[in-house]
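This report refers to the structure that appears directly beneath it.
By convention in this document, chain letters (A, B, ...) are assigned in the order of the sequence lines, proteins followed by strands, and residues within each chain are numbered from 1.
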Amino acid sequence: MNSSQLLDHLNPPQAQAVSAPPGHQLILAGAGSGKTRVLVHRIAWLIQQQGISPHSIMAVTFTNKAAREMRARLEQLLGVNPRGLWVGTFHGLAHRLLQTHWQEAKLPQNFQILDSDDQLRLIKRIHQALNLDEKSWPARQSASYINAHKDEGCRADHVIETSDLYERTMLSVYREYEQACQTAGLVDFGELLLRSHELWLNNPVLLRHYQERFPFILVDEFQDTNTVQYAWLRVLAGQQCWVTAVGDDDQSIYGWRGAKIENIQQFDQDFPGTSTIRLEQNYRSTATILQAANGVIEHNFGRLGKTLHTEGEQGEAISLYAGFNEQDEARFIVSQIDKWIGLGNRRDSIAILYRSNAQSRVLEEALLRESVPYRIYGGHRFYDRLEIKNILAYLRLMVNRDDDAALERVINTPTRGIGGKTIDGIRLFAREQGCSLWSAAEKMITNKALSNRAASSVSSFMSLVQTLADQVESLQLHELAEKAIALTGLKEFHGKEKGEKGQARQENLDEFVSACRVYQPTSDDEDTSILVDFLASAALDAGEEQADEFEDAVQLMTLHSAKGLEFPLVFMAGVEENLFPHKMSVEDPTRLEEERRLAYVGITRAMTKLYLTYAETRRIHGKESFNSVSRFVKEIPSECLQEVRVKSTVTRPIEYNRPPARARLSDSTEGLGFSLGQRVSHPIFGEGVILHVEGSGPNAHIEINFDDAGTKRLVLQYAKLEAV
DNA sequence: GTGGAAGTCGTTTTT
DNA sequence: CGACTTCCAC
């Protein structure tokens, strides 16, 4: 492929970014402006036109999915697999470094990755050891303290001691936690980055090696980098590497996880001579949708400033629907979906986006009622399931006997008579000795420090693990997994669980064996065994692609997980104050701006048609709440919006909510002159809206939300209501 | 060690 | 409201 071909079909700024001479680049790429395309073409350009070896290029992404996609597109563009090129997530690359240089990083060779669930368990244990009661010192709080500090590149030793009780306690937990991880050979997500950052700082020769190896570094989704990631990057880049950062400050939605939007704002100061290129032409959405998105995001301050434009069609207006309640909202969405599919469109051209996962249920029910196939993204990852984590824990113990998190998980799973008492004893001993639980148990058995019964259970557990570990070399990965499941009795154990759960768990265990069977190692390192490699990928990679991916289904997901995707038809559900923006964010201007960026992300997912829906009444945590339409809707230029009014049924939505069973309820109120949603007045409570009616006739219970007095339940015949 | 009752708490979650 | 945890009685 020659240079003109590489630049074919690129607009001027895109071509400029792709063919720029070596140097630092900041590419501000608006939604749908061909960001990945530019990145991939840039790499191809370096290789083909500049004669740069793929070996000299590192491309960093945030998700495994993005990394895979980049690799695939590059391969397609180049016609060959670019060997030697490093493409991966920050965490994946950091892990690779630590695995290669485990000695310099002061880690055991077979260190394991601690995921957030294991992390929390470990912290709970530390709380117990420190006598912190869960009530006043929730483990979650410590977890976020630790993670936030690690994200900032701050170790316990770096924290300045204060006399503040909270700070002191958190710090002591942090210290203990670091200690526990070190003895167990465990590394959490933040630690991967922190540790590899320190690895370079402490080993100039090593750093030099990598700096010379990677004169070209490209980073995707740069707005999502946190402090350590940025520091990591700066250290690696040093003075002699060229960095290309691609990102969009308007799509920074992970601030709550430590992402620093400042990084993108500061890039050109830290990397002198940076040329900034803006990609503002959008190839995804209609002009109307873009205008709406621009209208919303303009309300944020301190933006780097971009205005998306398109040469595409004006498109249809954005529809705004006010549902009476969340059921009505869901019903409306499904009816519009039916219409769209009726026009011959595929279901997977449709996405329903929402702010919080709790919203998905009502939507699911509505889809189910109309038999519309759907798929929910997010939720539980395969490798996060209980039964899978159990078998993984056994596999981890085979690799590293000191992995305390794994041992804690399965020492009594399936139950083998090792109760809390025994485990407490082992923990205490391990603490005193500063050793892992496994070696504590070993020592206690030789010292006869355990009761006979406990000693025999513990040693049978240990020899079980040992037996399995002895076969790691000789068996295939899936054979090993199968054997482990059989020998440990996990399958029978989970099968005993009642309901369909037990069976589902057994099936998942089978699926796990198949996953092992088809597993392809990611690294071609012959040093690391396939088991070690597999365990790392189970921890770092969601195992997202599931089998049903190919089924034509409506896509449901949170706004966060929609980033990077696009759909011809998009519904944004629940655009209400206190839900979106979320009520935890409305007070704080910084967080509110992040919510607004989330709205911007949502709107720009839509290609041809966008619906915004909200509910005037919504049940949240079992309580009715009444929210007005989201401020973000009001920020959309009114000429882009069109309100959808549904016939006359609006005042009596329950009638078309669940026709046969519930219609009678509204009849019963009708006889007395009232209907759901109607405004009424009460002699004491004043004016309000009828929310719900239970029962019929004069004894019917009627729930009313009064403007001043709040929600009350009254008996109809005594309430002395008057229509307003 | 289980199962039921009672209590709790309630965003978003690339790794 | 409902998912999740915790605690207590068998």
- Message: Go nucleotide by nucleotide along DNA chain B from the 5' end; which of A:Gly417 and A:Phe189 gets its closest nucleotide reached first?
- Response: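 The residue whose closest nucleotide sits nearer the 5' end is A:Gly417.
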- Item | Contact nearer the 5' end of DNA chain B, comparing A:His582 with A:Phe493 |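 Its nearest nucleotide lies further toward 5', so the answer is A:Phe493.
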- Query: Run the side chain to side chain donor-acceptor pair (under 3.5 Å) check on A:Tyr177 and A:Asp188 step by step: do they pass?
  - Reply: CA-CA 11 Å; A:Tyr177 173 78; A:Asp188 63 37; 2.6 Å; yes
Sugar-phosphate, base or nothing in reach of [X], heavy atoms under 4.0 Å:
| X | result |
| --- | --- |
| A:Ser585 | base |
| A:Glu594 | nothing |
| A:Asp115 | nothing |
| A:Tyr254 | base |
| A:Lys150 | nothing |

For [N], does OP1 or OP2 lie under 4.0 Å from any side-chain N or O of [X]?
| X | N | result |
| --- | --- | --- |
| A:Thr558 | B:dT13 | yes |
| A:Lys135 | B:dT8 | yes |
| A:Asn64 | B:dT14 | no |
| A:Asn412 | B:dG1 | yes |
| A:Asn357 | B:dT13 | yes |

- Kindly point out which of B:dT15, B:dT13, C:dC1 is positioned nearest to the side chain of A:His621?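 The listed nucleotide nearest to A:His621's side chain is C:dC1.
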- Message: Generate the contact string for nucleotides 2-10 of chain C. Rules: B means base contact, S means sugar-phosphate contact only, - means no protein heavy atom under 4.0 Å.
- Response: SS-------
- Only one of A:Glu329, A:Glu624, A:Glu577 passes salt bridge (Lys or Arg N to Asp or Glu O under 4.0 Å) with A:Arg618; say which it is. A:Glu329
Figure out the [atom1]/[atom2] separation between [X] and [N], and round it to whole Å.
| X | N | atom1 | atom2 | result |
| --- | --- | --- | --- | --- |
| A:Leu353 | B:dT12 | CG | P | 15 Å |
| A:Asp188 | B:dT13 | CG | C1' | 15 Å |
| A:Arg453 | B:dG1 | CZ | P | 9 Å |
| A:Glu221 | B:dT13 | CD | P | 16 Å |
| A:Trp232 | B:dT15 | CH2 | C1' | 13 Å |
| A:Gln119 | B:dT15 | CD | C1' | 12 Å |
| A:Ile253 | B:dT13 | CD1 | P | 9 Å |
| A:Leu559 | B:dT12 | CG | P | 11 Å |

- Query: Does a salt bridge link A:Arg361 with A:Glu364, judged by any charged N lying under 4.0 Å from a carboxylate O?
  - Reply: no
- Message: Between A:Glu152 and A:Lys260, does any side-chain N to carboxylate O distance fall below 4.0 Å?
- Response: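 Salt bridge between A:Glu152 and A:Lys260, a charged N being under 4.0 Å from a carboxylate O: yes.
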- Item | Base of B:dT12 and ring of A:Trp256 stacked, centres under 5.5 Å, planes under 30° |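 It does: the two rings, one from A:Trp256 and one from B:dT12, meet the stacking criterion.
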- Query: For the side chain of A:Arg257 and the base of B:dT15, is some donor closer than 3.5 Å to an acceptor across the two?
  - Reply: yes
- Task: Taking atom P in both C:dT5 and B:dT12, compute the distance separating them and give it to the nearest angstrom.
- Result: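 Looking at atom P only, C:dT5 and B:dT12 are 16 Å apart.
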- Gap in Å between the two C1' atoms, one belonging to C:dA3 and one to B:dT14, rounded: 25 Å
- Message: Quick one, A:Glu387 with A:Asn508, criterion side chain to side chain donor-acceptor pair (under 3.5 Å). Give me CA distance, side-chain angles, the key distance, then yes/no.
- Response: CA-CA 8 Å; A:Glu387 61 279 18; A:Asn508 285 335; 2.7 Å; yes
- Task: Carefully, step by step, assess A:Ser142 and A:Trp137 under the rule side chain to side chain donor-acceptor pair (under 3.5 Å).
- Result: CA-CA 8 Å; A:Ser142 299; A:Trp137 300 100; over 6 Å; no
- Message: Can you see whether A:Tyr377 has A:Arg375 sitting over its ring - NZ or CZ less than 6.0 Å from the centre and within 45° of the normal?
- Response: yes
- Message: If you count every heavy atom of other residues, nucleotides or ligands that lies below 6.0 Å from A:Asp133 atom CG, does the total exceed 12?
- Response: yes
